[in-house]
Amino acid sequence: MGRHEPVVDWATDFDHTDDAYVADPFGIWDELRTTCPVAHTERYNGAWLPTRHEDIAAIAYDTDRFTSRSVIMSEFRAPLELAPQGIAPPISSDPPFHKGARRVLLPAFAPQSVDRLEASTRAYCEELVASLRADLDGGVDVVDAAVGYSQHIPVRVIATMLGLPESDGDRFRGFVNHVLEGVDKPMEERALGMGELFEYLQAQIHDHLDRPRDDLISYLLESEMDGQPLDVFHVARTVALLLIAGIDTTWSAIGASLWHLAGHPADRERLVAEPELLPTAIEEFLRAYAPVTMARLVREDMDFAGCPMKANDFVLLPFPAANRDPEAFDRADEVLIDREVNRHAAFGLGIHRCAGSHLARMELRVALEVWLEAFPSFELADPSAVRWSGGQVRGPRTLPVRVMR
Amino acid sequence: MRLVIDNERCEGHGRCYSIAKDLFEPDDIGNGVVIGDGVVPPDRLHDAELAVENCPELAIRLEP
């Protein structure tokens, strides 16, 4: 995908947008973990890639030496004057500002709140399945589980929560693609895309100011932090975060789980026969195919694990690599859907634990329940046609499966 | 045995109350809270241990 040269040496010149990394990062992480556990690159104006669970955890916990001012690695660094909010609070905020900005959001994403969204999520998944079933009745036997199913679910859920028109789903996916996958595009092009996103959100927020309603945008506009209402820019940036972070992450997790089941008939048959195993299996899918790699910036020149890190170097936090570290997990490279002890880091570690993790888990569970009930038997129609997203969120974007009926 | 959550470490992953909803519950922001005095009935020890072993933040312990 990238405009960069193909990577030859992963230890000294890595690039997470390289075709080889996008197609299969697991072998690259395994190799680095034993030969050069913290890789380096001069690309993106200097960056590091730790691959051991221990190092990734240490960096995630060390908010003093590693700042969240920029969490998507590109050649761009968010300017210091955006602190303490950063581009998209609270993910881009450091302590002490972070805590209050996160506190405002958490009740809306607590399990009690997520429970109330389950029925509508299930109804929507059933609608999607009905539409796929109509295609199958029309004579096709291959459907796209990403394009026709997984990509729609989080868009509908987060749009409903925020109070944005669901019909704007294609626009949201466009924004997501731009922010997360366009990291190797020229800076001017990136700035233009961000401008479009914020223009869209400003219009929506003003509409909510004029006509408050029972949704998350109105809730944020009425929320206070340290006794002060959140300013409109803070709200816009937080909504941008929820829109971007809530969509392709969950879409990826649903897609990767369906991809696994399409390629592993024994696991699929077992889950159909033992649906009560699904929550355990979901944790294993999250471990093995954790979609999200976060990033930090080095605050000041320093030495970490023997590496001379410079201020403003990026550091990737590949949680999926941590989840495959044999020092942290037995049989780390195997997917065991009945793995009971599974201390995975798919949703991050420390103060930036994914605020939407309870929502994501509900969506993933409901999406798999509805799919497996409708289509208990399916397989990859053409393994070579599966396309994975590049950048910091990994999941299948094209997933043709043959449904056996 | 008695369950204890270290509130300084808990970040609200919610693995504990997903595994054992009779032993843990979420507070209003999704952090885990031990129900009652935290004393684990002998027949619930397995799930209590699983909650400890699955906490990503190592925030839960079982005390004698």
Is the number of heavy atoms from other residues, nucleotides or ligands within 6.0 Å of CG (A:Asp330) greater than 12? no

Any side-chain heavy atom of B:His13 sitting closer than 4.5 Å to one from A:His344? no

Check A:Pro111 against B:Gly30 and note the closest heavy-atom contact, atom names and distance. CD-CA, 3.8 Å

Let's test your reading of the structure: which of A:Ser113, A:Ala110, A:Ala57, A:Ala108 forms the most heavy-atom pairs below 4.5 Å with chain B? A:Ala110

With A:Thr63 via side chain to side chain donor-acceptor pair (under 3.5 Å) - residues at least two apart: none

A:His358 NE2 to B:Ser18 OG distance, which is reported to the nearest 0.5 Å: 7.5 Å

Can you confirm whether B:Glu8 is buried at CD, in the sense that more than 12 heavy atoms of other residues, nucleotides or ligands lie under 6.0 Å from that atom? no

Using atom types as modelled, flag every donor-acceptor pair under 3.5 Å from a side chain in residues 34-41 of chain B to any protein atom, sequence neighbours excluded.
residue, atom, partner, partner atom, Å
B:Asp37, OD1, B:Val39, N, 3.0

About how many Å separate CD of B:Glu11 and OG of A:Ser357, when rounded to the nearest 0.5 Å? 11.0 Å

Atom CG of B:Asp28 and atom CG of A:Leu106: how far apart are they, to the nearest 0.5 Å? 8.5 Å

Name the member of A:Ala345, A:Pro107, A:Gly350 that forms the most heavy-atom pairs with chain B at distances under 4.5 Å. A:Gly350

Within the 4.5 Å heavy-atom criterion, are A:Arg343 and B:Arg15 side-chain neighbours or not? no

What part of A:Ile351 lies closer than 4.5 angstrom to a heavy atom of chain B: side chain, backbone, both or neither? both

Within residues 48-61 of chain B, the residues sitting under 4.5 Å from chain A by heavy atom, in sequence order, are B:Leu50, B:Val52, B:Glu53, B:Asn54, B:Cys55, B:Pro56, B:Glu57, B:Leu58

Can you tell me how far apart CD (A:Glu340) and CG (B:Asp47) are? Round to the nearest 0.5 Å. 8.0 Å

In terms of heavy-atom contacts, does CD of A:Glu224 have more than 12 from other residues, nucleotides or ligands at under 6.0 Å? yes

Count the heavy atoms of every other residue, nucleotide or ligand shown that sit under 6.0 Å from CG of A:Asp214, and state whether that count exceeds 12. no

Using heavy atoms and a sub-4.5 Å threshold, report which of residues 93-103 of chain A line up against chain B, by residue number. A:Arg102, A:Arg103

Proximal component of A:Phe109, with respect to chain B [non-hydrogen, under 4.5 Å]: neither

Between A:Gln112 and B:Asp27, is there a donor-acceptor pair closer than 3.5 Å when you use the side chain of the first and the backbone of the second? yes

